[in-house]
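One structure is given below, encoded as structure tokens.
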Amino acid sequence: MNGYDPKAIEPKWQERWDRQRAAEVDLRNDKNKYYMLMMFPYPSGDRLHVGHGRNYILGDALYRYLRMRGRRALNPMGWDAFGLPAENAAIQRGVHPRDWTLDNIRVMKTQFRRWGILYDWSKEITSCLPEYYRWNQWLFLRMLEQGLAYKKKAPVNWCPNDRTVLANEQVLEGRCERCGAAVEQRDLEQWFLRITSYADRLLAGLDDLPGWPEKVKVMQRNWIGRSEGAEIDFAIVGAEGPLTVFTTRPDTVHGATFLVLAPEHPRVVELLATHPERASIEAWVDRIRSTPRIEREGEGTPKEGRDTGARALNPATGEEIPIWIANYVLPDYGSGAIMAVPAHDGRDLAFARQEGLPVRLVYHPEGRDGEATALAEPILGEGVIRGCGDFDGATDGPETIRRFIAWLEERGSGRGKVTYRLRDWLISRQRYWGTPIPVVYCESCGIQSVAATELPVELPYDVELSGREGNPLSRASAFVAARCPRCGGEARRETDTMDTFVDSSWYYLRYLSPKDGGRVFDSQLANRWAPVDQYIGGIEHAILHLLYARFVCRVLHDFGLVEFEEPFANLFNQGMITRFSEKTGRIEKMSKSRGNTVSPDALIEEMGADTERVYTLFLGPPEDEVEWNDEAVSGAHRFLQRLWRVAERVGSAPPTAPADAALERLRHATIQRVTRDFERFKFNTVVAALMELLNALTRAVEEKTASRLCCEATLDTLVQLLHPIAPHLTEELWERRGHVESLLDSDWPVADEAKLKRDRLTLVIQVDGKLRDRIEVDAAWGEREVRAAALGSVKVREHLGGREVAKAVLVPGRLMNLVTRREVS
RNA sequence: GCCGGAGUGGCGAAACGGUAGACGCAGCGGACUUAAAAUCCGCGGCCCGCGAGGGCGUGCAGGUUCGACUCCUGCCUCCGGCACCA
């Protein structure tokens with residue numbers, strides 16, 4: 001045998017796995033099925049670095065483990081292939097997005113292969129190909145038909161850099177999630193999906209997901225943002241129709257001393273119609289409306305407002321109160337209008353003080369009477385109602401709120417109402433590289449769906465990608481020109497494309513029948529294989545992708561296409577890999593832009609993919625953020641080299657030797673530990689346990705303390721347990737040991753309880769909880785015998801110092817604690 | 001501000017309420033070598049002590065317990081999410 005040479009071994013096994021189609025699953029048999037899935041990647045064109053490697057290596061280790069445990073594991077892979085970078089590459093380098101993307105996919109595939117990662121490539125999907133995206137269009141049309149897709153003119157988030165609109169979820173702190181540019185507000189006609197009508201189901205469903213990290217569920221709950229309260233109608237003096245506000249505190253309606261509308265509120269124009277300074281106020285409204293979100297909604301943003309001059313009637317007091325417009329009221333929450341109760345709300349109080357508006361107490365704090373005019377802080381959660389008739393004496397709490405709602409409903413001036421923070425999902429994008437929205441505009445028939453038989457609406461290949469303002473598709477006249485499916489007349493094709501999160505909202509179902517040209521997916525297979533048993537991906541999708549996928553799953557459920565409502569039974573979020581960045585001078589997430597990436601190519605060249613895999617998994621718990629240490633990689637490499645060397649020498653062990661039982665015990669204990677840790681995703685301690693076993697085996701072989709048979713059995717076990725983590729090396733050793741079948745098809749070792757037993761063991765003796773001695777005891781001994789033996793120890797007697805033992809606690813197999821203090825009674 | 005999560009050697013970390021620091025990196029000492037690399041063996045929390053040994057130690061302060069890194073209460077620091085959501 002030669003030394004350990006990963007450069008020879010790794011390609012050999014990669015080729016063999018390819019040839020054997022090692023990961024291909026026949027879906028007709030779903031016995032013992034396990035659907036595992038990595039979030040499909042965007043083929044970005046940047047070569048994958050070791051930080052990316054973590055996800056894929058983690059998934060592959062799980063996959064191989066499942067296979068060895070006898071599961072029929074499905075592990076497909078595909079490409080989230082639409083998106084802006086492809087279009088930007090086209091603008092910058094003149095490559096067509098399609099060619100650029102498909103090239104990147106080829107490169108990424110070879111990188112996966114070099115890592116020794118197994119996917120069922122017969123199920124591959126690529127979202128930018130019409131075979132896939134036609135079903136996005138189909139889904140859209142079904143949703144349009146059901147009223148779940150609609151078009152409306154609304155103030156939307158506009159990214160001036162990417163020159164497209166964004167969904168709410170894609171705006172982080174007022175900035176574009178992709179490029180970081182400050183998002184502006186524009187009024188545009190856009191397509192939306194009605195996710196809000198699923199808000200309650202999406203919220204309730206979270207309670208049925210025990211296999212999801214609590215953190216993700218909390219984030220989704222906050223995002224959906226359910227709040228209970230009431231709508232209250234305020235009549236406008238001298239105008240038709242009431243102004244409706246939403247409030248969570250209908251019990252403070254008597255304290256509402258003015259109303260405030262968002263500048264976008266539809267009645268602003270009407271209320272300002274007769275105002276003497278109408279022009280200047282409208283100019284102010286326009287300025288607020290076009291302010292970037294980050295400036296308008298930032299915490300430190302000063303409150304600004306204008307009095308409309310119009311007045312409303314407080315339905316509780318009958319009093320006339322002014323109607324204001326202010327920047328601190330959000331247009332797209334509740335009804336875009338609030339009743340201001342300065343006495344009991346900090347924001348209203350600040351605004352009232354600034355503008356000199358009146359403050360009226362509803363809840364009067366005990367012993368601090370008549371302070372309303374001097375109030376510096378709002379009264380929250382204390383006090384008793386006064387001056388409100390029948391409600392007098394009530395205290396702040398849900399019961400009082402319920403009474404007020406009942407009272408408002410009785411009088412017809414309000415009703416209980418639940419509001420969500422969640423907005424409808426804006427899916428229109430003014431970009432080329434996405435799924436065309438399949439509708440046409442006809443002069444006489446209006447918006448018309450493209451007929452199902454006309455799908456897919458294919459993205460034209462030849463378009464001019466110049467980076468100019470506006471969607472390149474709208475300048476592709478051959479694409480825009482269409483026929484109205486209803487009247488046959490001339491029509492204009494929709495040029496908006498879909499948000500790429502539409503692609504990823506149902507792709508896990510398409511993997512099950514990727515080539516089916518006749519339907520979106522095979523429902524029967526979907527009901528047998530889905531939901532996905534284990535989904536793995538980054539925490540950055542906690543809201544965006546995972547919420548959309550849960551929504552679309554329910555839609556498909558309601559269409560009768562799947563029986564389940566939750567797409568992913570278990571979710572695992574791996575942590576990211578960090579490294580010191582010369583550029584920023586800090587330890588940061590590994591990424592090309594921060595210039596702190598480590599390329600796997602050189603690493604694999606030098607030490608092999610197995611070394612990278614072992615190191616990556618050994619680095620720390622998979623869910624934690626871990627720092628890449630260039631020097632520490634060699635430890636993983638040394639481990640594999642030592643394994644190789646011991647495999648070469650194992651044959652030299654003697655036929656019989658004294659310490660077989662000890663090595664056997666460790667072998668079985670390791671099987672138990674490793675199996676448990678694989679189940680818990682603790683790959684780092686799996687590696688540690690295997691290092692310990694190897695250390696023991698090496699010692700036994702070197703010192704000739706265990707027999708050849710025993711050493712070989714230990715080596716075989718070690719090789720099997722290590723296979724999910726270092727697949728190439730272990731396959732090679734397994735083959736050299738004379739095994740014929742692939743390790744993937746070998747049976748996972750089972751720990752033998754009997755082998756774990758021992759006759760004598762070392763027990764720790766504590767005196768008053770402090771370790772004082774270790775003694776050899778018979779495993780069968782009970783408390784009495786152990787206690788006698790413990791008292792036989794000189795050290796123990798010294799520490800007892802003649803005191804009486806009040807109590808002796810025996811933890812079998814571990815320790816005995818001798819307590820001298822008496823219980824205090 | 002609200003909601004999560006985390007604080008353990010020089011570093012990455014481990015530890016069903018039961019011997020804190022397994023495993024590894026870096027370091028130190030030694031073997032092999034003309035030498036170096038590679039490899040192998042040994043040491044390694046802090047303090048006192050020549051030593052045997054003893055004391056202290058898991059962010060801080062308390063509590064529960066025979067026994068607490070682990071459970072409870074209060075605080076500090078860091079990280080993440082949300083944030084004028086009425």
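We name chains A, B, ... by the order of the sequence lines, and we start the count at 1 in each one.
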Run the side chain to side chain donor-acceptor pair (under 3.5 Å) test against [X] and tell me which residues pass, sequence neighbours left out.
X	answer
A:Asn157	A:Asn168, A:Arg293
A:Thr685	A:Asp677
A:Tyr363	A:Asp251
A:Glu627	none

Using atom names, set out every protein N or O paired with an N or O of nucleotides 54-57 of chain B below 3.5 Å, distance rounded to 0.1 Å.
| from | atom 1 | to | atom 2 | distance (Å) |
| --- | --- | --- | --- | --- |
| B:G54 | OP1 | A:His799 | NE2 | 2.9 |
| B:G55 | OP1 | A:Arg772 | NH2 | 3.4 |
| B:G55 | OP2 | A:Arg772 | NH1 | 3.2 |
| B:C56 | OP2 | A:Lys770 | NZ | 3.0 |

Quantified in whole Å, what is the [atom1] atom distance between nucleotide [N] and nucleotide [M]?
N	M	atom1	answer
B:A14	B:U65	C1'	24 Å
B:G67	B:C84	P	50 Å
B:G80	B:G29	P	41 Å
B:U64	B:C11	P	34 Å
B:G42	B:G55	C1'	27 Å
B:C41	B:C32	C1'	11 Å
B:A22	B:C75	C1'	33 Å
B:A15	B:A86	C1'	49 Å

Q: Could you say whether A:Glu214 or A:Ala262 is positioned toward the 5' end of RNA chain B, judged by the nucleotide with the nearest heavy atom to each?
A: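 By nearest-heavy-atom nucleotide position, the 5'-most residue is A:Glu214.
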Interatomic distance where [atom1] belongs to [X] and [atom2] belongs to [N] [whole Å]:
X	N	atom1	atom2	result
A:Tyr328	B:A83	OH	C1'	17 Å
A:Arg649	B:C40	CZ	P	12 Å
A:Tyr333	B:C82	OH	C1'	13 Å
A:Asn573	B:G80	CG	C1'	12 Å
A:Tyr420	B:A86	OH	P	13 Å
A:Arg787	B:C66	CZ	P	16 Å
A:Lys217	B:C3	NZ	P	19 Å
A:Leu330	B:C84	CG	P	7 Å

Q: For the pair A:Arg797 and A:Asp773, find out whether any cationic side-chain nitrogen is under 4.0 Å from an anionic carboxylate oxygen.
A: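 Answer for the salt bridge query: no.
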Q. Are any of the side-chain nitrogens in A:Glu214 or A:Lys217 under 4.0 Å away from the carboxylate oxygens of its partner?
A.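 The answer is yes: the pair qualifies as a salt bridge.
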Q: Report the glycosidic orientation of B:G9: syn if within 90° of 0, anti in every other case.
A: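 That one's syn.
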Listed by chain and number, what are the salt bridge (Lys or Arg N to Asp or Glu O under 4.0 Å) partners of [X], not counting sequence neighbours?
X	result
A:Arg579	A:Asp630
A:Asp424	none
A:Arg673	A:Glu692

Q: For nucleotides 14-25 of chain B, just jot down a letter per nucleotide in 5' to 3' order: B, S or -, based on protein non-hydrogen atoms under 4.0 Å.
A: SSB-BB--BBSS
Q: Check whether any side-chain nitrogen or oxygen of A:Lys807 sits under 4.0 Å from OP1 or OP2 of B:C66, and answer yes or no.
A: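 For B:C66, OP1 or OP2 has a side-chain N or O of A:Lys807 closer than 4.0 Å.
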Q) Within the pair A:Arg221 and B:G4, is there a side-chain N or O less than 4.0 Å away from OP1 or OP2? A)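 No.
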(Q) Under 4.0 Å, heavy atoms only, any strand: does A:Val329 hit a base, just the sugar-phosphate, or nothing? (A)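 The residue A:Val329 makes base contact.
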Cut-off 3.5 Å, no hydrogens considered: what does the side-chain donor-acceptor table look like for residues 538-548 of chain A, sequence neighbours left out?
| from | atom 1 | to | atom 2 | distance (Å) |
| --- | --- | --- | --- | --- |
| A:His545 | NE2 | A:Tyr535 | OH | 2.7 |
| A:Tyr548 | OH | A:Glu169 | OE1 | 2.9 |

Q.
Expected output check: what is the dot-bracket annotation of RNA chain B, where ( ) and [ ] are pairs inside the strand (brackets for crossing ones), | is paired with another strand, and pairs are Watson-Crick or G-U under 3.5 Å?
A. (((((((..(((.....[....))).(((((.......))))).((((....))))..(((((..]....))))))))))))....
**Q.** A:Arg645 side chain, from C-beta outward: closest of B:C66, B:C40, B:A86
**A.**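 Selected nucleotide: B:C40.
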Q: Measure from the side chain of A:Arg421, starting at C-beta and using heavy atoms only, and say which of B:C3, B:U39, B:A83 lies closest.
A: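 It is B:A83.
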Q.
Can you see whether A:Arg642 engages A:Asn695 through a side-chain donor-acceptor pair at a distance of less than 3.5 angstrom?
A.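 Side chains of A:Arg642 and A:Asn695: pair found under 3.5 Å.
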Q) Does the pair A:Trp284 and A:Glu304 meet the rule for a side chain to side chain donor-acceptor pair (under 3.5 Å), with working shown? A) CA-CA 10 Å; A:Trp284 173 83; A:Glu304 275 185 69; 2.9 Å; yes
Table please: side-chain donor-acceptor pairs of residues 330-343 of chain A below 3.5 Å, with sequence neighbours left out.
| from | atom 1 | to | atom 2 | distance (Å) |
| --- | --- | --- | --- | --- |
| A:Tyr333 | OH | A:Ser227 | OG | 2.8 |
| A:Ser335 | OG | A:Thr244 | O | 2.7 |

